[in-house]
*Asks:* 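Before we start, here is the structure in question, set down as structure tokens.
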Amino acid sequence: MVDLSQLNPQQRDAASHGDGPILVLAGAGSGKTRVITFRIAHLLARGVPAKAICAVTFTNKAAEEMRDRVAQLVRDRKVSDELTIGTFHALGLQILRSERAALGLPRGFAIYDQSDSLGAVREAMRGLRDGDRRYDAKAIATRISLAKNAFVAPDDYEGNSADDYDALTVEIYPRYQAALRACAAFDFDDLVCEPVRLFARDADVGARWAARFRFVMVDEFQDTNRAQLRMVQHLVRDHRNLCVVGDDDQSIYSWRGADPTNILEFARLFPGAKIVKLEQNYRSTTTILAAANEVIANNKDRHGKKLWSKIAGGGPIIHAVAHAAEDEARWVAREICGLRERDRLAWSDIAVMYRSNVQAKLVEDELRQASVPYVMYGGQQFFERKEVKDVMAYVRVALNRRDELALRRVLNYPARGIGAMTIERAVAHAHARRAPLWDALGELDAAGPARAGIASFRRVIDKLGAALDAGTDPVDATRALIEDVKLYDDLRDAAGSLSAAQRRIDNVESLLAGIARAHARHTPLGDYLKALALDTSSDDRTADGGDKVVLVTLHGAKGLEFPVCFMIGLEEELLPHARTLNPIATDVTDAEHAVDISEERRLCYVGITRAQRKLYVTRACTRVTRGRTVQRTPSRFLLEIPDDLLEVRDLAEEARQRVPADELRSFFASFAVEE
DNA sequence: GTTGCGTTTATTTTT
DNA sequence: TAAACGCAAC
């Protein structure tokens, strides 16, 4: 039996809830993962088979953590392995894969990641309105993605006809979708939408999946979009055993399609739902929570919660005011050094959080100056590793000749004399006959200057495909391909230095190692490639082993916690951000709709509640923005924190007093460094 | 294809 | 300010 007495009364109430819908409003640090894992363990103990339980998360990391914690609780790996725990996208993929026949899909159907799908949008935009090709494909891709998130089908898209991009999307979205289907490809959003459409289209399949799970749980429910809600609604259609956990006050992703009404209107969506609030916080001091509560209380449209904790101490929140942004960053760096020396903190106990990535630059400079080790979480797109995607493209084509994007990616890579002209002719030929590009290539093979190149391309692909079909070790088959196309020679030629070339070769080798591991697990190669597309966390950015200060955006900080947190740049136009304050004219919103800063406030709330013991909120009075020095106004959110929780530090004043000591210190420091 | 220059534009990001 | 982008020339 599971020992639910380890939980507080509200947690226990939620974890032991039986049949029917339940909404768990879990405040920051209130132990929501604990509730979900105990609930799963409790259901198992009650005799519910593991196969009948499904838990959905947003990230692979969250899914992994959940599975580990359940495994720890039930102490039976066999049982915990039978649970369905994964992201919405992984679940969608599982559905598509098992209904492959009903959908008429080839075994090697493709998953298009963001850059693949952007490429497909570009392709769909070709030829259309050729005169002004200055349209940004990314803007269209975003609209298509948002439409899919809102479960709007290609033919139903309307948008705002006054908006050029919306109007363009009306034309592009159906073409894009048709192109994907022609390639037997799905983008990330399709992984959620298409299963739902299949359920509606095919009653048998729909009934089967409605009966597949007896209990469904969804984490971070405030982040779900319309399409995801549809999927969940279907999965619990027949039994309504749905447990969702989330926090409306931490809804910060509506800009990418999350629909907070899902959590706000849960009781209406699922009549008779039980609602449990988790308000005891096990993370932060009373001071920090008081500040958080005061700030978030200014938002309307919330379920309403007041976090409390038993953790005392930590002192007041430090409100540091610098003259210039550079001074702010320098002070943060020095204070971090002070914390380590005075309070014996590890670097990794400390985080610096900011609204937008550009703000990190000044802090980075100062930390480097002070020799403080740091990592940036999230940051920019991690390097795409072109060479890995190239090899994957070859394999993708070998598994699915219709995967046009992959085909075009490597058709002339490494160069084999197939120029833009030839490709265009082949594409035109294929589209005219509504046939796959691969077949068109076969017909062009007989003539033209690119004849030899096309023939050799088809030969290597066919050879790889045949080898994979024949059950050859996929690593051997792929390695043979790499040799056939002389990939490593090309990498060596293209790279600037020997070490750069070696790194890229190593990247390909680690892909091969991954394929080998998958093969050892009896995972089919196609399945492994699809999983790889959905998995970004295996990249080495999560390598957080080292003791380093963490630099992270407020968005990226959600779900994390640190003993000491610095929230920097708490100024109007930074938080709340200028883009929220003055929506650009081309946007739909206008004077009639007052600007809504509630999501910015939630962002601030998320930041405050990351801190366990000590919180610093800092700002500057002047800052260089776009090459201009501008006067800054304190963030309105800062003013919402009661004064008695804050201790103000005037850094300009402090610096003036400290100048002699500082100069002395830097004098000795320079002495020591130069020897 | 790649380099270089002038121009433009400035959130947040996972799957 | 600075990086990302478009376009022209190699």
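Quick caveat, the model's predicted, so the values are computed rather than measured. Chain letters run A, B, ... following the sequence lines, proteins first, then strands; residues in each count from 1. Keep in mind that the numbers below use all heavy atoms, side chains included, and drop hydrogens, waters and symmetry copies.
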*Asks:* Looking at B:dT15 and A:F58: do their rings stack (centroid distance under 5.5 Å, interplanar angle under 30°)?
*Replies:*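 No, aromatic ring not over the base.
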*Asks:* Between atom CD of A:E123 and atom CG of A:L405, what is the distance when rounded to the nearest 0.5 Å?
*Replies:*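 Rounded to the nearest 0.5 Å, the CD-CG separation comes to 8.0 Å.
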*Asks:* At less than 3.5 Å, do the side-chain atoms of A:R355 and the base atoms of B:dT12 form a donor-acceptor pair?
*Replies:*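 Answer yes: a donor N or O sits under 3.5 Å from an acceptor.
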*Asks:* Looking across every strand, which nucleic acid part, if any, lies under 4.0 Å from A:E600 by heavy atom: base, sugar-phosphate, or nothing?
*Replies:*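 Result for A:E600 = base.
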*Asks:* Is any side-chain heavy atom of A:Y377 less than 4.5 Å from a side-chain heavy atom of A:V550?
*Replies:*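 SC-SC contact between A:Y377 and A:V550 confirmed.
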*Asks:* Within less than 4.0 Å of OP1 or OP2 of B:dT11, is there a side-chain N or O belonging to A:T580?
*Replies:*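 It does not, given that no N or O in the side chain of A:T580 lies less than 4.0 Å from OP1 or OP2 of B:dT11.
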*Asks:* Quick one: A:Q359 CD to B:dA10 C1', roughly how many Å, whole number?
*Replies:*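 Roughly 13 Å, once rounded to whole Å.
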*Asks:* Between B:dT14 and C:dA3, how many Å separate the two C1' atoms, rounded to a whole number?
*Replies:*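 Result for the C1' pair: 24 Å, nearest Å.
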*Asks:* Check this for me, if you would: do A:R143 and A:D163 make a salt bridge, where the nitrogen-to-carboxylate-oxygen distance has to be below 4.0 angstrom?
*Replies:*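 Result for this pair is yes, salt bridge flagged.
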*Asks:* Relative to the ring of A:Y616, is the ring of A:F566 parallel (under 30°), tilted (30 to 60°) or perpendicular (over 60°)?
*Replies:*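 Rings of A:F566 and A:Y616: parallel, under 30°.
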*Asks:* What's the closest nucleotide to the A:F188 side chain, out of B:dT15, B:dT12, B:dG1?
*Replies:*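 Comparing B:dT15, B:dT12, B:dG1 against the side chain of A:F188, the answer is B:dT15.
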*Asks:* Let's see if you can work this out: which of B:dT14, B:dT15, B:dT11 has an atom nearest to the side-chain heavy atoms of A:R579?
*Replies:*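 From the listed options, B:dT11 comes nearest.
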*Asks:* For A:Y253, does the six-membered ring have the charged nitrogen or CZ of A:R256 within the cation-pi criterion, i.e. under 6.0 angstrom from the centroid and within 45° of the normal?
*Replies:*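 That pair qualifies as a cation-pi contact.
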*Asks:* Take the protein atom CD of A:E64 and the nucleotide atom P of B:dT14, then report the distance between them rounded to whole Å.
*Replies:*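 That distance rounds to 16 Å.
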*Asks:* Examine B:dT13: is either OP1 or OP2 under 4.0 Å from a nitrogen or oxygen in the side chain of A:N357? Give yes or no.
*Replies:*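 For B:dT13, OP1/OP2 do have a side-chain N/O of A:N357 under 4.0 Å.
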*Asks:* Quick one: A:D116 CG to B:dT15 P, roughly how many Å, whole number?
*Replies:*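 The answer, rounded to whole Å, is 16 Å.
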*Asks:* So, is the end of the A:R368 side chain (NZ or CZ) under 6.0 Å from the ring centre of A:Y374 and within 45° of the ring's axis?
*Replies:*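 No, A:R368 and A:Y374 do not form such a contact.
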*Asks:* Could you state the CG-C1' distance from A:D219 to B:dT14, rounded to the nearest angstrom?
*Replies:*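 That distance rounds to 14 Å.
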*Asks:* In whole angstrom, give me the gap between the C1' atoms of B:dT11 and C:dA4.
*Replies:*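 Each nucleotide's C1' atom is 16 Å from the other's.
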*Asks:* Please pick, from B:dG1, B:dT12, B:dT11, the nucleotide with the shortest atom-to-atom distance to any side-chain atom of A:H577.
*Replies:*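 Nearest to the side chain of A:H577 among the choices is B:dT11.
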*Asks:* From the set B:dA10, B:dT15, B:dT13, return the single nucleotide nearest to any side-chain atom of A:Q114.
*Replies:*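 Looking only at side-chain atoms, A:Q114 lies closest to B:dT15.
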*Asks:* Could you tell me how far apart A:D365 (CG) and C:dT1 (P) are, to the nearest whole angstrom?
*Replies:*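 These atoms are roughly 15 Å apart.
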*Asks:* More 5' along DNA chain B: A:T59 or A:L603, using each one's nearest nucleotide?
*Replies:*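 Its nucleotide being nearer the 5' end, the pick is A:L603.
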*Asks:* What is the distance, rounded to the nearest whole Å, between atom CG of A:D189 and atom C1' of B:dT13?
*Replies:*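 Interatomic distance, CG of A:D189 to C1' of B:dT13: 13 Å.
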*Asks:* Of the nucleotides B:dG1, B:dT15, B:dT13, which one has an atom closest to the side chain of A:L534?
*Replies:*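 My answer, after comparing the listed nucleotides, is B:dT15.
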*Asks:* What is the distance, to the nearest angstrom, from the CG atom on A:L362 to the P atom on C:dT1?
*Replies:*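 For the pair A:L362 CG and C:dT1 P, the rounded distance is 14 Å.
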*Asks:* Picking from B:dA10, B:dT12, B:dT15, which would you name as closest to the side chain of A:R626?
*Replies:*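 Selected nucleotide: B:dA10.
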*Asks:* Between C1' on B:dT13 and CG on A:L118, what's the gap in Å once rounded to a whole number?
*Replies:*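 After rounding, the gap between these two atoms is 15 Å.
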